[in-house]
Amino acid sequence: MAIAQSVFDIAFGEASKHGAAKIRKIKLSIGEFSGAVKDSLDFAFEVLKKDTPASNAEIEIEVIKLKAVCGECGEVECRLGDLKLSCQICGCELNIIAGRDMTVDYIDLDEGE
């Protein structure tokens, strides 16, 4: 709930800054390794948006796959269950380059009414 509330705080702040009466859509990207769970966020958004300027807003959540780079071989694919962060090819330590972040990509506002 706290993550969803923070996203709404950002969206409501942007709506206020731009004089928008309603929020039509919020697009969010969450990294597979960020600790945020898409289904939990979907549920929290549905609960929290009632009786707010986002009451009819669509919430789109894109899950960004975990990616890592091997210092020796280059980029490799890994699955969330692959908790040993070493290259499957050469055994070198991997550096995660994507999949840990969470960003609000955009907020679609309705300035009418």
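The structure displayed is predicted, hence computed values, not measured ones.
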Could you list the residues that satisfy side-chain contact (heavy atoms from CB on, under 4.5 Å) with [X], not counting sequence neighbours?
| X | answer |
| --- | --- |
| Cys90 | Cys70, Glu72, Cys73, Cys87, Cys92 |
| Ala44 | Met1, Ala4 |
| Ala36 | Ile3, Ile30, Ser34, Leu41, Met102 |
| Lys65 | Glu32 |

#### Entry: Closest approach of Ile107 to Val104 (non-hydrogen atoms, all atoms of both residues)
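Residues Ile107 and Val104, closest heavy atoms: CG1-CG1, 3.8 Å.
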#### Entry: Ile26 CD1 to Ile59 CD1 distance, which is reported to the nearest 0.5 Å
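So the gap between those two atoms works out to 4.0 Å.
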### Query
Within the side chain of Lys49, is there an N or O that forms a donor-acceptor pair under 3.5 Å with the backbone of Ala57?
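Pair found, side chain donor or acceptor close to backbone of Ala57.
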### Message
Any side-chain to backbone donor/acceptor pair from Arg24 onto Asp108? Under 3.5 Å, distance only.
### Response
no
### Message
Assess whether a salt bridge exists between Asp110 and Lys22, defined as any Lys/Arg side-chain N lying under 4.0 Å from an Asp/Glu carboxylate O.
### Response
no
Those residues that, when tested against [X], pass salt bridge (Lys or Arg N to Asp or Glu O under 4.0 Å) (two or more places apart):
| X | value |
| --- | --- |
| Lys17 | Glu14 |
| Lys27 | Glu62, Asp105 |
| Asp101 | none |

### Message
Filter on ring-ring contact (aromatic ring centres under 6.0 Å, His included), then keep only pairs touching residues 87-111, sequence neighbours left out; what's left?
### Response
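Every candidate ring-ring contact (aromatic ring centres under 6.0 Å, His included) pair involving residues 87-111 fails, so no pair, neighbours aside, qualifies.
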### Query
By side-chain hydrogen bond (donor to acceptor under 3.5 Å, both in side chains), which residues pair with Lys38, not counting sequence neighbours?
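Once residues adjacent in sequence are excluded, the partners of Lys38 under the side-chain hydrogen bond (donor to acceptor under 3.5 Å, both in side chains) criterion are Asp42.
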In a table with atom names and distances, give each donor-acceptor pair under 3.5 Å that connects a side chain of residues 5-12 to protein atoms at least two apart or in another chain.
from : atom 1 : to   : atom 2 : distance (Å)
Gln5 : NE2    : Asp9 : OD1    : 3.0
Ser6 : OG     : Ala2 : O      : 3.0

### Message
Is there a path of hydrophobic side-chain contacts, each under 4.5 Å between heavy atoms, that joins Leu48 and Phe43?
### Response
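Yes, it is one cluster - the side chains of Leu48 and Phe43 are joined through contacts under 4.5 Å.
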